[in-house]
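Structure first, then comments.
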Amino acid sequence: TSGTVFKSGYQSLTFAIKCAKTDSRSPQIRSEFDILRTINHPHIIKVLDVDMSFGSWMTMEWMDLGSLWDFVHRYGKLSERRARRLMYEALCGIAHLHSEAHTSPLGLRNCAITHHDLKPGNMLLTSTPGGEVCLKIADFGNATYTQTTGDIALEAHQNFSAGGTHGFMPPEVENAHNEKGFLNTTAADILAWAKCFVDVLVEGCEKTTSLVDILDWCTEDDPGDRPTATDLLKSIYWEEVLPEAPSETTVEHTVVPPTPATLPWEDFLASLTQPTGTTEDVIAAHGALHMNEVSSNQDWHDPVSASTTTL
């Protein structure tokens, strides 16, 4: 879901507060909040709190390196070796979403979650205490729960409409006009993941045979012919030795301590005055948080200096 992201601080903590542009009564907003509140995975953005009493506010862990899209446009596209590590982390997150271990708000069990808008702009990066880069999937505004029976996906939410971002959508979504209506399957995410992989690679770089095979498999026109995320994780490709690109450099940035799993909400809320509902009033009410607007386009990146991160 698009919205304005604020970098916020409380005492020694740093986190992000996202104010969605969509009305809080929107099924899309409700769906995103419902999904993210139930997921706990190292490669999926962690939501700490949700407040819909005066708009749509979601408090999340702060991702100090911004999105993968920001990263490659700021520092240059990646060699296959470096892109592989990040896309492996994205694939781990996707496999968790597709695991059919989720329960929808409607009570349907054994559901998979399809993201439906995977792209580099929705993959966020943060630095770890060890100086590494960690990728986490974000923005679940188009995500849906599904139950799969044979080759038919049954939609657990009724608000779904074929969506996503042009260039990362599979043909069954781009051309979702058939007599049975749109069938929501996790295969859509697999094709989008492959397109993300290609999008962040150095243009014109020579891909390994294993990667070419994986990308061809993931981008089959028939969603039934694509692999699952679990299939892909079993590939020997992830263990192959790839050469380093000597021209690649480390990234200068300020290391932000990781946001804890929980925040001292009683102290946090006690420091606020009662907001009146408008964006300006909300920002004023959160003065104790020294909130700084990052971007209205969910750009999480700060001007950086001081330390280095290895990718």
task: Please name all residues satisfying side chain to side chain donor-acceptor pair (under 3.5 Å) with Arg37, sequence neighbours left out, ordered by chain then number.
output: Asp34
task: Flag the pair Pro227 / Ile190 as yes when at least one side-chain heavy-atom distance between them is below 4.5 Å, and no otherwise.
output: yes
- prompt: When Met63 is tested against each of Val5, Leu125, Ile45 for side chain to side chain contact (heavy atoms under 4.5 Å, CB included), which residue passes?
  reply: Ile45
- prompt: Quick one: do the Thr126 and Asp64 side chains pair a donor with an acceptor below 3.5 Å?
  reply: yes
Side-chain touch Asp231/Trp217, heavy atoms, less than 4.5 angstrom: yes
query: Cut-off 3.5 Å, side chains only: do Thr208 and Glu80 have a donor facing an acceptor?
result: yes
query: Can Thr144 and His116 be said to form a side-chain contact (heavy atoms from CB on, under 4.5 Å), step by step?
result: CA-CA 8 Å; Thr144 55; His116 279 301; 3.6 Å; yes
Shortest non-hydrogen contact from Val47 toward Met58: CG2-SD, 3.6 Å
query: Between Glu61 and Lys136, is there a side-chain N and carboxylate O pair less than 4.0 Å apart?
result: yes
field: Joint hydrophobic cluster, Trp69 plus Phe168, side-chain heavy atoms closer than 4.5 Å
entry: no
message: Can you tell me how the ring of Phe197 sits relative to the ring of Trp193, calling it parallel under 30°, perpendicular over 60° and tilted otherwise?
response: perpendicular
message: Tell me the closest heavy-atom pair linking Lys77 and Val200, and the distance in Å.
response: CB-O, 3.4 Å
task: For the pair Ile35 and Tyr145, evaluate side-chain contact (heavy atoms from CB on, under 4.5 Å) and give the outcome as yes or no after the intermediate values.
output: CA-CA 9 Å; Ile35 289 172; Tyr145 290 90; 3.4 Å; yes
- request: Would you please indicate yes or no on a ring centroid separation below 6.0 angstrom for His98 and His115?
  value: no
query: Given side chains that start at C-beta, do those of Ser235 and Ile214 come closer than 4.5 Å, heavy atoms only?
result: yes
message: Determine whether Glu100 and Cys111 satisfy the following criterion, side-chain contact (heavy atoms from CB on, under 4.5 Å), listing intermediate values before the conclusion.
response: CA-CA 4 Å; Glu100 297 187 357; Cys111 289; over 6 Å; no
field: Distance-only polar pair, side chains of Ser67 and Asp70, donor-acceptor under 3.5 Å
entry: yes
message: Just so I know, are the side chains of Met60 and Leu48 near enough to count as touching, which here means a heavy-atom distance under 4.5 Å?
response: no
- prompt: Can you find a heavy atom in the side chain of Thr128 that is under 4.5 Å from one in the side chain of Val133?
  reply: no
message: For Trp238 and Tyr88, I'd like to know if the aromatic rings sit close, meaning centre-to-centre distance below 6.0 Å.
response: yes
- prompt: With no hydrogens and no angle check, do the side chains of Glu240 and Ser210 hold a donor and an acceptor under 3.5 Å apart?
  reply: yes
- prompt: Are side-chain heavy atoms of His102 and Arg109 found at a separation under 4.5 Å?
  reply: no
- line: Here the pair of heavy atoms bringing Arg226 nearest to Ala188 is NH1-N, 3.9 Å
- prompt: Does some side-chain heavy atom of Val72 sit less than 4.5 Å from a side-chain heavy atom of Leu78?
  reply: yes
Considering all heavy atoms, the nearest Ala95-Leu233 contact: CB-CD1, 3.7 Å
